[in-house]
Amino acid sequence: MKNIILTGDRPTGKLHIGHYVGSLRRRVELQNSGKYEKIYIMIADAQALTDNFDNPDKVRANITEVALDYLACGIDPKKSTIFIQSQIEQLTELTFYYMNLVTLSRLQRNPTVKAEMQLRNFETSLPMGFLTYPVSQTADITAFMADTVPVGEDQLPMIEQAREIVRSFNNLYGETLVEPKAVLPESKACLRLPGTDGMAKMSKSLGNCIYLSDSADEIKRKVMSMYTDPNHIKVTDPGDTKNNPTFIYLEAFSKPEHFAAYAPEYASLEEMKAHYERGGLGDMKVKKLLNAVMQDTIAPIRERREELAKDLPAVWDMLKKGSDEARAVAQDTLTRVKKAMKIDYFN
Ligand code: TRP
């Protein structure tokens, strides 16, 4: 049997290059590998509402943005099913049944949820919908019988939670659901791309992101003002490449042909790093190369995005078709779940 993929994103903003190396690029490769029976890509609007319930306009507007980002990066609706979470009501029903299999203390131990609670000042007044979103995420994954979930590192606790719920469901009610596993990005640099300001994570609220829709000027401005090694003051000073976002980005995005084209004095990134570390290589030169690499990476995506944005009704039509298809699959799982739970009274 071939494997099934499900993954998704919250529509709370346009997608940035952290999403790209952390998951989008991988999804496109997996999609084109032909190794998967089905690929489902979900726009998680219901999950986005768990901490944006007071801002439905933002969530709605970003569904279009995320869909455009997907298509522009090469997710192909002929090969992958793109759908909107809230339009699959079966997911809510599954969530309700799975809630019985999780305890409050288990949910409170989830490190990603904990960190997000802190960030959102939810510690004193915690919406239940937010606390339970890992259960709803288990519904997302299991509804499609997905065994493979390509995600960033911060999602590992969600996959662990899903595996526990699946095991306990199957133990109680008989073998029904598939236990998923996470697929992480290929390299450490891609696991968590730092912000342009050197902060650990790119985040819209910190204003430290490079977006897939950024213009050539915006990219250049952001790259040229990037944080580097604060102790690398004179060009001749030895510099650090490990905690230096310019080198982490080069690690994540540069290919051998970039060196041939833009920095032929170095055979590879390793040689350039060694030069920076021993001293004698200025930040300006590193940033010039990085700018060229980022321009080459983003330009085709941005151009495709602009083209697609000219026909938004076609994008929404694709989303509707994807959602209709996804609903049928989720209904099938829900029927089996209810049968296993012996609540299929009228069949
Ligand atoms: N929580 C994920 C994120 O914030 C989005 C998501 C929702 C998801 N449901 C999912 C990812 C199911 C993988 C599988 O990025």
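Counting starts at 1 for both ligands and their atoms, in listed order.
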Gln137 side chain to Gln161 side chain, donor-acceptor N/O pair below 3.5 angstrom: no
Cation over ring face, Arg10 and Tyr133, 6.0 Å, 45°: yes
Mode of Gln155 contact toward ligand 1 - side chain, backbone, both, neither (heavy atoms, under 4.0 Å): side chain
Protein residue, atom and distance nearest to atom 4 (O) of ligand 1, heavy-atom basis: Arg10 NE, 3.3 Å
Nearest neighbour in protein (non-hydrogen) for atom 9 (N) of ligand 1: Asp140 OD2, 2.8 Å
Under 3.5 Å: N/O of Tyr133 near N/O of ligand 1: no
For Val149, atoms of ligand 1 separated by under 4.0 Å from a heavy atom: 13 (C), 14 (C)
Distance from atom 14 (C) of ligand 1 to nearest protein heavy atom, with residue and atom: Leu6 CD2, 3.6 Å
Check: Asp9 side chain, Ile43 main-chain N or O, donor-acceptor pair, under 3.5 Å: no
Residue Ala44 vicinity, atoms of ligand 1 by number, heavy atom under 4.0 Å: 7 (C)
Close aromatic pair by centroid cut-off 6.0 Å: Tyr211 and Tyr20: no
Neighbour count above 12 (heavy atom, 6.0 Å) for Lys181 NZ: yes
Proximal atoms of ligand 1 relative to Met42 (non-hydrogen, under 4.0 Å): 7 (C), 9 (N), 10 (C)
Nearest-neighbour protein heavy atom for atom 8 (C) of ligand 1, which is reported as residue plus atom name and distance: Gln137 NE2, 3.3 Å
Heavy atom of the protein closest to atom 1 (N) of ligand 1 (residue, atom name, distance): Gln47 OE1, 2.7 Å
Criterion side-chain contact (heavy atoms from CB on, under 4.5 Å) against Val28, the qualifying member of Leu24, Leu30, Asn32: Asn32
Within 6.0 Å of CZ in Arg120, more than 12 heavy atoms from elsewhere: yes
